[in-house]
Amino acid sequence: MKIWVDADACPVVIKEILFKVANRVPIETTLVANHGMAIPPSKYIDFVQVPQGFDVADNEIVKRLKPEDIVITQDIPLAAEVVEAGAIAINPRGEIYTENNIRARLSMRDFMETMRSSGVQTGGPAVFSMQDRQTFANQLDRILAKRNLI
């Protein structure tokens, strides 16, 4: 089992939580991004830099993904592919994407994209809060506990 991180848009505080978890559990954790980033020295933490381009990082994660893996992403289409592959997708706010909710998330994403492309101002996501960070950490701990890793 491995943790994959769609690292281009992952908040720094979530990466910090993941770095601690990688060493504490231990569990192999790989960040994938199209720009360089610093990671702490650890035999459990790895970084894969992919070329610039639309969905290049997402495609790399899907290519390497195994059903027992966990993927951290805010990208709804990537989350849908993860769920379809039988793996776990969780966003940085702690929401787990499942077969039961991913279609609704995709529909809402597509609807909002249509609204934005027609000129409607939809606003951005809510500010990332301390509660979001705690929810994510708790959810990740629950997932790892279910797999008898902690």
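In this chain, residues are counted from 1 in sequence order.
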Q: Determine, step by step, whether Gln139 and Ile90 satisfy the side-chain contact (heavy atoms from CB on, under 4.5 Å) criterion, reporting the C-alpha distance in whole Å, the side-chain angles of both residues, the deciding distance to 0.1 Å, and the verdict.
A: CA-CA 9 Å; Gln139 193 69 270; Ile90 178 174; 3.5 Å; yes

Q | Steps toward side-chain contact (heavy atoms from CB on, under 4.5 Å) verdict (Val82, Ile88) | A | CA-CA 7 Å; Val82 169; Ile88 294 175; 5.8 Å; no

Q: Evaluate side-chain contact (heavy atoms from CB on, under 4.5 Å) for Leu78 paired with Ile61, printing each intermediate quantity in order.
A: CA-CA 9 Å; Leu78 172 57; Ile61 291 170; 4.2 Å; yes

(Q) Test side-chain contact (heavy atoms from CB on, under 4.5 Å) on Met1 and Leu144; report intermediate values, then the result. (A) CA-CA 10 Å; Met1 186 177 104; Leu144 296 173; 3.5 Å; yes

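Checking side-chain atoms of Asn101 against main-chain N and O of Ile96 turns up a donor-acceptor pair under 3.5 Å.
Closest approach of Ile102 and Ala79 over heavy atoms only: CD1-CB, 3.9 Å. Residues Ala33 and Phe47 share a closest heavy-atom pair of CB-CE1, 3.8 Å. Between Leu31 and Ile45, the shortest heavy-atom contact is CD1-CG2, 4.1 Å. The minimum heavy-atom distance between Asn34 and Gln52, with the atom names listed, is O-NE2, 2.9 Å. Of all heavy-atom pairs spanning Gln74 and Ala9, the tightest one is NE2-O, 2.6 Å. The shortest non-hydrogen separation linking Asp75 to Thr73 is N-OG1, 2.9 Å.
Grouping the Ile, Leu, Val, Met, Phe, Trp and Tyr side chains by contacts below 4.5 angstrom, directly or via other members, places Ile3 apart from Tyr44. Hydrophobic clustering (ILVMFWY, side-chain heavy atoms < 4.5 Å, transitive): Leu65 and Ile143 are in distinct clusters. In this structure, Ile76 is not a member of the same hydrophobic cluster as Val62, with clusters built from ILVMFWY side-chain heavy atoms closer than 4.5 Å. The hydrophobic cluster containing Val32 does not contain Ile72, counting ILVMFWY residues as joined when their side-chain heavy atoms lie under 4.5 angstrom apart, directly or transitively.
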Residues 10-23, side-chain donor-acceptor partners within the protein, below 3.5 Å, at least two apart:
{"from": "Lys15", "atom 1": "NZ", "to": "Ala7", "atom 2": "O", "distance (Å)": "3.3"}
{"from": "Asn23", "atom 1": "OD1", "to": "Ser42", "atom 2": "OG", "distance (Å)": "2.6"}
{"from": "Asn23", "atom 1": "ND2", "to": "Phe19", "atom 2": "O", "distance (Å)": "3.2"}

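Legend: salt bridge (Lys or Arg N to Asp or Glu O under 4.0 Å) pairs involving residues 129-146, not counting sequence neighbours, sorted by first then second residue: Arg24-Asp141, Arg93-Asp132. For the salt bridge (Lys or Arg N to Asp or Glu O under 4.0 Å) condition, no pair includes a residue of residues 33-57, sequence neighbours left out.
Considering only residues two or more places apart in sequence or on other chains, Thr29 meets the side-chain hydrogen bond (donor to acceptor under 3.5 Å, both in side chains) condition with none of them. Looking at residues two or more places apart in sequence or on another chain, you find a side chain to side chain contact (heavy atoms under 4.5 Å, CB included) between Gln131 and Ser129, Thr135. Partners of Glu28 according to the side chain to side chain contact (heavy atoms under 4.5 Å, CB included) rule, which considers only residues two or more places apart in sequence or in another chain, are Lys2, Thr30. Applying the side-chain hydrogen bond (donor to acceptor under 3.5 Å, both in side chains) test to Tyr97 and every residue at least two apart in sequence or in another chain returns Asn91. Considering only residues two or more places apart in sequence or on other chains, Glu81 meets the salt bridge (Lys or Arg N to Asp or Glu O under 4.0 Å) condition with none of them. Residues that satisfy the side chain to side chain contact (heavy atoms under 4.5 Å, CB included) test with Gln134, not counting sequence neighbours, are Asn138.
Summarising the geometry, atom CH2 belonging to Trp4 is positioned 7.0 Å from atom CG belonging to Asp69; distances are rounded to the nearest 0.5 Å.
Here Val127 sits alone; no ILVMFWY side chain lies under 4.5 Å from its own, so it joins no hydrophobic cluster.
Enclosure of atom CD in Glu68 by more than 12 non-hydrogen atoms of other residues, nucleotides or ligands within 6.0 angstrom is indicated.
With contacts defined as side-chain heavy-atom distances shorter than 4.5 Å, the pair Ile27/Leu149 qualifies.
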